[in-house]
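Just so we're on the same page: letters track the sequence lines, and every chain starts at 1. All of these numbers come straight from a predicted model, not from anything done at the bench.
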There are 2 protein chains.
Amino acid sequence: MSDSDLKQEVTDKYSLRGRVFSRLREDILSGKYEEGEELREVAIGEELGVSRTPVREAFRQLELEGLIRIVPNKGAYVTGISGKDVKDIYMIRSRLEGLAARWATEHITDVQLEEMEENVYLAKFHAEKGHYEQLFELDTRFHEILYEASGSKMLEHQLKDFHQYVIRVRKKTLSSARGPKSNLEHEGIMVAIRDKDGDLAEKLAHEHIINAYENLIKSGYTK
Amino acid sequence: MSDSDLKQEVTDKYSLRGRVFSRLREDILSGKYEEGEELREVAIGEELGVSRTPVREAFRQLELEGLIRIVPNKGAYVTGISGKDVKDIYMIRSRLEGLAARWATEHITDVQLEEMEENVYLAKFHAEKGHYEQLFELDTRFHEILYEASGSKMLEHQLKDFHQYVIRVRKKTLSSARGPKSNLEHEGIMVAIRDKDGDLAEKLAHEHIINAYENLIKSGYTK
DNA sequence: ATATGTATCATTGTATACAATCGTACATTA
DNA sequence: TAATGTACGATTGTATACAATGATACATAT
């Protein structure tokens, strides 16, 4: 890992602040806190058994991650994601995933490729069985592997961030019927990467995200 | 502005933390602090006349912005940008600027378009005169207008972040002879946007960044 | 009745005190 | 001499005290 990668890996798991940050992030993304809900420093601190200081520092970071919005002298509020935000994220991701796939053709390791193949294979099984929970996990992991295989910490971080946001949305449309089709597209991307066909990999990954978005809309996501 | 835009605008100018954050950010980007230099909470606090608390909170944010790296229980260090980071950033930007240009064809306002035209016109003048400092400012501004004209706060923030990083690098290669050529490309992008030709705008903006990177390399940037 | 002023309280903003940690210098030992 | 142990100081991590701010409720005036 480049000693100078921007967009730092978050975050120090062993400090109180780090634990508060991770916990809050999880809780927000999982939907424990409603959109717009106010987070009070003391309350959060008491819940996690820490003072306000680490909570405040975690808040500052969550603000920059876009998960909460801090109004000076007033409070911290869980941010919502508008329909337009979701669309923008998908469109941005479509470009960047394409780039990641292209770079993966150059940088993927044997281990990563193997995990990708296994992922596709396993997903095929779960798709047939209708195991949506597992499909969801495999889908998430497929994209993570892709990001890692890009060989770019910068790109990896960007995409992981976006992916995180979208998870909130994706969970709502989990049981849609896209599973098998999505996995077929994964397979195509995987094969293109294996064949070191950069142009094709980029094109397929790009289309994959566009398709995912269109499916999201079709399955009735609005906000 | 969407009340739910992720990637918050940074930051509360009127709190001490906000001032510390902005000041440190400026100082790092301007090169006042060397890469790798250690930032001590007390020293920074004394310099700015505040206690450690707002400094620490600003540090946490700067860390997430990627400008410093915090080693737990040890210290905060100004991050360096490797040659590969720079390349990755340019490649990512090339995709996203393309997207921004495409969206700008749909969302640009008359006022924005006018400023863009004026920008190109003025730059032509300064390019002839060899006014590199002004060219630099105009170039920066051109891209900012483009980001704003995209109509996507998400994309705008992403690109502004990347642009910031790159400014550190660009300053080193300021007086290269690319000014006029770059401005011609700006003009092309501007015309494509004015003509509402999304495909062309995306293509030109994409190429523009690639060219900028190649010029950077040619003019001897290494690290 | 509505508008405005004011007291009060909850909450955030900041400073500071204390605890934990890390690095260094020096002593000790083989 | 080289390796290891240890004490000390500098720095960060956390808790808490106090200040500033904003919201609310109630009183007062028009």
Sequence neighbours excluded and cut-off under 3.5 Å, please list the side-chain donor-acceptor pairs for residues 42-51 of chain A, or say none.
unit_1: Glu47(A); atom_1: OE2; unit_2: Lys32(A); atom_2: NZ; d: 2.9
unit_1: Ser51(A); atom_1: OG; unit_2: Thr53(A); atom_2: N; d: 3.4

Mind checking side chain to side chain contact (heavy atoms under 4.5 Å, CB included) for Gln134(A) and listing every partner two or more places apart, or none if nothing turns up?
-> His126(A), His131(A)
Partners passing ring pair (Phe, Tyr, Trp, His ring centres under 6.0 Å) against Phe59(B) (at least two apart in sequence or in another chain) = none
Can you name the side chain to side chain contact (heavy atoms under 4.5 Å, CB included) partners of Glu34(A), sequence neighbours left out?
-> Glu37(A)
Contact letters for nucleotides 6-16 of chain D, in which S counts primed atoms plus P, OP1 and OP2 and B counts the base, heavy atoms under 4.0 Å = -----SBBBBB
State which residues pass salt bridge (charged side-chain N to carboxylate O under 4.0 Å, His left out) with Glu148(B); sequence neighbours excluded, sorted by chain then number.
-> Arg141(B), Lys160(B)
